Amino acid sequence: MMRDTTENIPFAISQFSPAQLREALRKMHLIRLFEEGAEESYMRGLIHGTMHLSIGQEASAVATCMELTDADKITSTHRGHGHCIAKGADVGRMFAEFFGKETGYCHGRGGSMHIADVKTGNLGANGIVGGGLPIAVGAALTAKRLGRDDVTVCFFGDGANNEGAFHEALNMAAIWKLPVIFVCENNKYGMSTAAAYATAVPNIADRAVAYSMPGVTVDGNDFSAVAEALHEAIARARAGEGPSLVENLTYRWRGHSKSDRNRYRTKDEIEEWMTRDPIARFRAELIAHGVLGEAEADAVEVEAKDAVAAGIEFARQSPTPAVTEVTKFVHAEVAA
Amino acid sequence: MMRDTTENIPFAISQFSPAQLREALRKMHLIRLFEEGAEESYMRGLIHGTMHLSIGQEASAVATCMELTDADKITSTHRGHGHCIAKGADVGRMFAEFFGKETGYCHGRGGSMHIADVKTGNLGANGIVGGGLPIAVGAALTAKRLGRDDVTVCFFGDGANNEGAFHEALNMAAIWKLPVIFVCENNKYGMSTAAAYATAVPNIADRAVAYSMPGVTVDGNDFSAVAEALHEAIARARAGEGPSLVENLTYRWRGHSKSDRNRYRTKDEIEEWMTRDPIARFRAELIAHGVLGEAEADAVEVEAKDAVAAGIEFARQSPTPAVTEVTKFVHAEVAA
Amino acid sequence: MNAQVQIDAEVRELSYAEAIREAMAIALESDPAVVLMGEDIGTYGGAFQVTGDLIDRFGPERVMDTPISELGGAGVAVGAALTGLKPIFEFQFSDFAALAMEQIVNQAAKLRYMLGGEAEVPVVFRMPSGSGTGAAAQHSQSFEAWFGHVPGLKVVQPSTPAEAKGLLLAALADPDPVIVFEHKLLYKMKGPVPAGHYITPIGKAAVVRPGQHVTIVASAIMVHRALEAALRLAKEGIEAEVIDLRTVRPLDRETIIASVKKTGKLLCVYEGVKTLGVGAEISALVAESEAFDYLDAPIQRLGGAEAPIPYNPDLERAAVPQSPDIERVARQLAKGEV
Amino acid sequence: MNAQVQIDAEVRELSYAEAIREAMAIALESDPAVVLMGEDIGTYGGAFQVTGDLIDRFGPERVMDTPISELGGAGVAVGAALTGLKPIFEFQFSDFAALAMEQIVNQAAKLRYMLGGEAEVPVVFRMPSGSGTGAAAQHSQSFEAWFGHVPGLKVVQPSTPAEAKGLLLAALADPDPVIVFEHKLLYKMKGPVPAGHYITPIGKAAVVRPGQHVTIVASAIMVHRALEAALRLAKEGIEAEVIDLRTVRPLDRETIIASVKKTGKLLCVYEGVKTLGVGAEISALVAESEAFDYLDAPIQRLGGAEAPIPYNPDLERAAVPQSPDIERVARQLAKGEV
Ligand SMILES: Cc1ncc(C[n+]2csc(CCOP(=O)(O)OP(=O)(O)O)c2C)c(N)n1
Ligand SMILES: Cc1ncc(C[n+]2csc(CCOP(=O)(O)OP(=O)(O)O)c2C)c(N)n1
Ligand SMILES: [Mg+2]
Ligand SMILES: [Mg+2]
């Protein structure tokens, strides 16, 4: 495949191999289709409880995780399906979790809000807004103390940035120069509450100065912009220079959760943001720069579709936990 | 008395009447002597528990409260004796409280860490570092909602600025444009922990930008500098323009509490700061600008000394609470 | 209808959520010092649609959306209460109160005492609570025992729409901080609710079904499960006396002890974790009281499992007492099989 | 000496604080994953001089001063434990844990469960606790009942230097989060402590004085007050069996029940607020057990007053059980006067 050699090559195109870029596109499709599959499964009664879908935010999840290995950690949020997939989880085990099955990542104990895949470095979604912020700092502390070079990426929302945990976590990460990158997915709202109302600064990244760390705001629907910001932040972290704050401006197409009536935002606003689809944009970019052809791009989407269908099937056929095992996993099992 | 009319008149001298300035000097002496009296009483076994003395920080307390009326509120800290006196409390009832007496401000239930005088607008010291920050915002909310024009001053330390409560409180004060002034008494240490180690910015006031509010760092041992910063912040608050952050750089001469061995700072540092005595400086300034004569200044100190002696005597002679009344004041007393 | 109605009022069918909203509307109308605070309680109407349209009726100055700042938000409510407002602060889920224990327990509960009676903190904290919604371990807890352990607080747990309204109005009339645990599964439950202002007294339990064979003390949603169990037991000739606890702090010793003296048998049913849950205190207060001599059998407890609330719905159900569990243990007690 | 000593070790007189420090030093020496975190635990040596000189011996990377950020600090410890470190996090006073309930209860306690056993959080939280120092309402609380109510946590309350060391080493060996309540008034207490590594098992109470007339279950400093009372009662011919609870979660049912079956009389003594305090659970577990049939008298409890801890020293003493109180109630129980 020919690589574009003009000056206007987006960062991602010049930074990653075609195989990597193809895989990134596949993951973005996988996230979108996973969310749609979860939504449908919910409607059909296969999933209960609540869910927070990340449709519209796929570039943020995938581009952020682009340079992370399984040794690197992430902490995720209540809106964490995309992060989990981006970090390498298997959608079959994710669906199984949402269906409450024993084969799920959490053996049916956690569900959507606690989806995790420790083996690929995902320390877990979190039902507590801001709960992952200090945990991520702790993970980075471990790396530093044990002399490992892994970094931790901490996802959080614009709403979470007003939690005290944000302040305490960023301050400690800064004074100890820990290898952690705080990635704010600013989708303009925390549930119904506009960031413009709830947050006393225009951009969340403006708060980085309060911790003497670099802060940058990027178009979170632009894969390359996110990847570039993370590239710098990760390099800084691995070099022992400390934490960074990256803010990805993005938008969730769906309501906050299943019970949202969207009364706090206009249809126009939603539609306008839907024209900024991060997947379509990335796909077009890959095609424009000759990374993929149309047919190949279509094949990537089909591949993702098949994976989702297979994942749902796996989940459906999986066994449920024994109802007697309510207290299993509360503590470490003691050898008899 | 002649007022200096050159250009270099300190703010306080031009702003306040000689009577007000004399009273300010008296209060500074009163704080110093009160603290010394408390220290001695502690040594003599009249006070138990622990205490946090504010010797060396008198200008910060008095200048901050200079323009406040009884309708204005303050929230104070574990190092709160000075604030209490500055706001207008009676030292007799304060000593009585420390002696555990029924005539104390808290009827012997609170002690040093909860000293309060609600009638003069002091909502109380606080044993929880940062505990007063959101409470102050609440007091300012009341004023705004009920259409009153009183303001609230929230004292807190450099150590407290790393609590999540700081972040949440300043953010809410800012988005609601509340009449509250956050006054950080930065005495370089939170207990043994240097602000330079624990706080990721050089000055606490640097954090004001994270809340889109004005932030200013002043020499907290310079009465006039503090008074001027507060003058502006109070005017802003009363005008409905919202909160401000003022940082008073100061130093505590004594250890953090009664059990401090001062291993985290040098004797040289302490001695150097003792040369910057805020009381001596203010006194000299008043004399230099012709507000007071030497003899008059001496008389002010004697007045304060007498008040402290009388206060201790009042406290000693006061009755202790009945030991059966442990549960009194837990709830409102219900009319029988 | 269990609420103590003080006026001869019109009675309508309202849901538990509507009853709470009505209480808040009455308070907002009658007292300019009342403000509502909480996350997404404005335009969104609250995560459980309890505040609903109140923002349209009273505006954003009285129905204030707060940032996601539970500690600070609770603290603002405390400071406001200390200086003349009467805030009703909604936690979106009671689980998030774990972030605000400092302000609720170290400040609100103690301020009157620490200040020797010179100040008061008339704040109400509303806490949507309990399991059964598939929201897993961090959105399903029952923390009433924590608050019940704290002097200076009052803690109520309404089980019906009428109680929900009456206890909230009582909380508002109280000069001290009150925690209201609202059960999420009850929000849609309908029941008769008197119009206008009335108070369901804090500190009084209610005998919601009289009986002589066994006493069941239950709270919140467990009241309904206990009543269902009692209905079935009645068919076998076992008459269970069901007490709706209503208030966790202060506990109504008299009503509980009087019942146990009559039946000689006690079963405590509560959703919180069994160990150190509300039923532990009820058991202990009976075991140290004069009712001890009347006890014919060990005091039984049915509480939540010693586990976080699991996501899987079957496990979730198994983690807290259900009506058949209550029926089984009450029957064993009544038949002397314990 | 009540600690279960597994090796035939040299025994020295150490204070409770020194014993804890020794346990931490052993852990720091033997396991590079162990780190200490907390406010002023470095140069200052800790507010109660428990970490003392450990910073000199192990350096600031192993003995880390944290900013005054309890929620974040606890969360950093949780995240570190989740990824390979074994942090021992010191709260300067247990009261400040009210700021960190979120991380301790919603995260640390539940992570293994929520992740279906795929992760673990081997963190230890040390909590200087209790009243008696004149530090008033916000520096004197006893929160063990709160944590005792939380599945996923283990909670211990050492009463002697040997136990303090053995239980801390047990906590460190435990793959799950453990909360250690250290009583501030005990820090200076001396007692025999074996050298080297040993473990006092979590979940086991100890009969520290055998007797047949009445069982006293006490925890932390109350063990000593109970033993003093038992000594005086012995002179009257009343033999109290004193049980040192040691672990609040999980409770040692067997030891308690066996004792009550022998004596027929139970007195629970604890410093936390009486209502919903540790003694409520002990009473309730006995009242629902087979020991019920052996009970000759109502189960008595002596707990903390239903008030915040007051500043005035006489009031402060009156707010928690003292030895004469224990003596009086145990005597009444033994004599059948209850
Ligand atoms: C501590 C806490 N407070 C409130 C909630 C309820 N809640 C869940 S998600 C959410 C909004 C979070 O907003 P943001 O951080 O912007 O993330 P987004 O949902 O937009 O992805 C709220 C209020 C919670 N889960 N935890
Ligand atoms: C939440 C909380 N954490 C810790 C403490 C213990 N403590 C009391 S004062 C203090 C230092 C506070 O430092 P700073 O805010 O700078 O005030 P200063 O003592 O210097 O006046 C500490 C750690 C406390 N009382 N509350
Ligand atoms: Mg958002
Ligand atoms: Mg300081």
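Owing to the predicted nature of the structure, the values given are computational and were not obtained by experimental measurement. Below, chain A is the first sequence line, B the second, and so on; all start at residue 1.
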Could you check if a side-chain atom of D/I216 sits within less than 4.5 angstrom of a side-chain atom of D/I326, using non-hydrogen atoms only? yes
Quickly, which of C/L302, C/V269, C/V278 forms a side chain to side chain contact (heavy atoms under 4.5 Å, CB included) with C/M222? Name it, please. C/V269
May I ask you to say whether D/E290 pairs ionically with D/K261, meaning some side-chain N is under 4.0 Å from a carboxylate O? yes
Is chain C contacted by the side chain of D/Q141, its backbone, both, or neither, given a heavy-atom distance below 4.5 Å? side chain
Between C/S131 and C/S140, is there a side-chain donor-acceptor contact under 3.5 Å, judged purely by atom types and distance? no
Where on C/I299 is there a heavy atom nearer than 4.5 Å to chain D: the side chain, the backbone, both, or neither? both
What I want to find out is whether D/E281 reaches D/R253 closely enough, with some N-O distance under 4.0 Å, to be called a salt bridge. no
Checking an interface table here. Which of residues 303-315 of chain C come within a heavy-atom distance under 4.5 Å of chain D? C/A305, C/E306, C/A307, C/P308, C/I309, C/P310
Counting heavy-atom pairs under 4.5 Å to chain D, which of C/A100, C/A284, C/S289, C/A109 comes out on top? C/A284
Pick one of side chain, backbone, both or neither for D/L295, based on which atoms fall under 4.5 Å of a heavy atom in chain C. both
Quick check: do C/I179 and C/V156 have side-chain heavy atoms less than 4.5 Å from each other? no
Modelled atom types, side-chain donor and acceptor of C/Q300 and C/Q332, under 3.5 Å: no
Under 4.5 Å to a heavy atom of chain D? For C/A97 that would be neither
Contact origin within D/A297 toward chain C - heavy atom pairs under 4.5 Å: backbone
Could you grab the distance from atom CZ of C/F125 to atom CG of C/L153, nearest 0.5 Å is fine? 8.5 Å
Pick whichever of C/L251, C/I104, C/L99, C/I282 has the most heavy-atom pairs under 4.5 Å with chain D. C/L99
Strictly less than 4.5 Å between heavy atoms, which residues of residues 144-152 of chain D line up against chain C? Please order them by number. D/A145, D/W146, D/G148, D/H149, D/V150, D/P151
Identify which part of D/A136 has an atom lying under 4.5 Å from any heavy atom of chain C, answering side chain, backbone, both or neither. neither
Using non-hydrogen atoms and a 4.5 Å limit, figure out which bit of D/L285 sits close to chain C: side chain, backbone, both or neither. both
